[in-house]
Colleague: 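Below is a structure I'd like to ask you about.
Quick note on labels: first sequence line is chain A, next is B, and so on, each numbered from 1.
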Number of protein chains: 2
Amino acid sequence: MPFMLDEFLPYRLNVAATLISRRFAALHQEETGLSIPEWRVMAHLANEGQVSIRDIHARVNLDKSIVSRAAARLEQAGHLRKSGHMQDRRLISLELTPKGQDLMQRLGEIADAFQARLHAELGPEAERFETMLEQLITNAARGNDTAA
Amino acid sequence: MPFMLDEFLPYRLNVAATLISRRFAALHQEETGLSIPEWRVMAHLANEGQVSIRDIHARVNLDKSIVSRAAARLEQAGHLRKSGHMQDRRLISLELTPKGQDLMQRLGEIADAFQARLHAELGPEAERFETMLEQLITNAARGNDTAA
DNA sequence: ATATTCCCGTTGCAACCGCAACCGCTCTTT
DNA sequence: AAAGAGCGGTTGCGGTTGCAACGGGAATAT
């Protein structure tokens, strides 16, 4: 049994992730033009209100620098506004502009529809799937590496 | 319900994929130094023998150019050998060198062990999980986009 | 046989990623 | 209060990605 690449879980996860992301991108890309990092920043802002870069970095699995640059692009595009934090002047408060809120409103619907579609395709066991995915993430998150 | 990013399947798939890939990389990186594309090319060669670039491209979800460059690096490192195809001189035959075979031998063991470990962490339903993952992939593969 | 079309692999290029260095600000220590 | 350590965000840089264009080779049509 020489080892089969396409039965290898990491490989399949990667393939699934890129394909699904492409599908999703195809649904909103033309309307929004957002990249994946930009989309994540927007989505996080949409239900957190005022947030700093480091918060996003900690929450959505993106490097500081990526969040920083995504935010710069989004500000440039008029989707969010940066403002200084007054207690701690190192921090920067990010906040959606009305324009950004509108966009996310629309995008949220697209995302929800897509999510529903995926669930439908997965059938009744979609919930199980999500749970196990969660399992994988948390296991990997706290370095399950050297331990045995 | 403002839309929760971390219940969004594409997002979670992406996070899971990158984390798992990181875990796997940590296990073999130091020994092999292979990047993900390189690893895929090697793995495919390991159980296909002589293959052309386009075959790999079609099988392992990588752009032509990426396969081409990965192959160049691997040849440079002495893991594979390129040779011209004689029927069709457009094609290039890639083949593992003995050194490359040794590496894949070793790497296959690491991969199998990791796979086993993941299955253990997922518990008895790992099979179900794999099946549904497959489902997602095939659904996405043949453009499930515009079809309402 | 020649021209047109198509295919394979490589390369150019612009964008992006990840990491580390950096600068300014805050907190702690003394 | 001054110095040092620590934190937050940006920027520089090497390497990678993805796409489109290219050049050589094969296949088809006339």
Colleague: I need the CG-P distance between B:Leu62 and D:dT17, as an integer number of Å.
Modeller: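 So the two atoms are 8 Å apart, to the nearest Å.
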
Colleague: Taking side chain to side chain contact (heavy atoms under 4.5 Å, CB included) as the definition, give me every residue that meets it alongside B:Arg89, ordered by chain and number, with sequence neighbours left out.
Modeller: none

Colleague: What residues in residues 35-60 of chain A put a non-hydrogen atom under 4.0 Å from any atom of DNA chain D?
Modeller: A:Ser52, A:Ile53, A:Arg54

Colleague: Return the set of residues passing side-chain hydrogen bond (donor to acceptor under 3.5 Å, both in side chains) with B:Ser21 (not counting sequence neighbours), or none when no residue passes.
Modeller: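 Once residues adjacent in sequence are excluded, the partners of B:Ser21 under the side-chain hydrogen bond (donor to acceptor under 3.5 Å, both in side chains) criterion are A:Asn14.
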
Colleague: Applying salt bridge (Lys or Arg N to Asp or Glu O under 4.0 Å), which residue pairs with at least one partner in residues 44-69 of chain A are found, sequence neighbours left out?
Modeller: A:Arg59-B:Asp6

Colleague: Does any pair with a residue in residues 125-141 of chain A pass salt bridge (Lys or Arg N to Asp or Glu O under 4.0 Å), and if so which ones, sequence neighbours excluded?
Modeller: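 The answer is A:Glu125-B:Arg128, A:Arg128-B:Glu125, A:Glu130-B:Arg12, A:Glu134-B:Arg12.
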
Colleague: Which donor-acceptor pairs under 3.5 Å do the side chains of residues 70-82 of chain B make with protein atoms, sequence neighbours left out?
Modeller:
| unit_1 | atom_1 | unit_2 | atom_2 | d |
| --- | --- | --- | --- | --- |
| B:Arg73 | NE | B:Glu38 | OE2 | 2.4 |
| B:Arg81 | NH2 | B:Glu95 | OE1 | 2.9 |

Colleague: Given atom CD1 of A:Ile66 and atom P of D:dT10, what is their separation to the nearest angstrom?
Modeller: 14 Å

Colleague: I'd like to check the side-chain hydrogen bond (donor to acceptor under 3.5 Å, both in side chains) partners of A:Thr97; sequence neighbours left out, ordered by chain and number.
Modeller: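 Scan of A:Thr97 (side-chain hydrogen bond (donor to acceptor under 3.5 Å, both in side chains), adjacent residues dropped) gives none.
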
Colleague: Nearest-nucleotide wise, let me know which of A:Arg73 and B:Ser93 is further upstream toward the 5' end of DNA chain C.
Modeller: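 With B:Ser93 and A:Arg73 compared, the 5'-side residue is B:Ser93.
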
Colleague: Which whole-number value in Å describes the distance from B:Leu91 CG to C:dT10 C1'?
Modeller: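 For the pair B:Leu91 CG and C:dT10 C1', the rounded distance is 14 Å.
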
Colleague: Applying ring pair (Phe, Tyr, Trp, His ring centres under 6.0 Å) as the test, list every pair that has at least one member in residues 28-73 of chain B; sequence neighbours left out.
Modeller: A:Phe3-B:Trp39, A:Phe8-B:Trp39, B:Phe24-B:His28, B:Phe24-B:Trp39

Colleague: Show the numbers, then the answer: is there a side chain to side chain contact (heavy atoms under 4.5 Å, CB included) between B:Ile53 and B:Leu94?
Modeller: CA-CA 7 Å; B:Ile53 298 246; B:Leu94 304 180; 4.3 Å; yes

Colleague: Quickly work out the A:Lys82 NZ to D:dG8 C1' distance and round it to whole Å.
Modeller: 12 Å

Colleague: Would you mind reading off the distance between B:Ile92 atom CD1 and C:dC7 atom P, rounded to a whole angstrom?
Modeller: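 Distance check: B:Ile92 CD1 to C:dC7 P gives 18 Å.
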
Colleague: Heavy atoms under 4.0 Å is the rule here; annotate nucleotides 19-28 of chain C 5' to 3' with B where the base is hit, S where only the sugar-phosphate is, and - elsewhere.
Modeller: B----BBS--

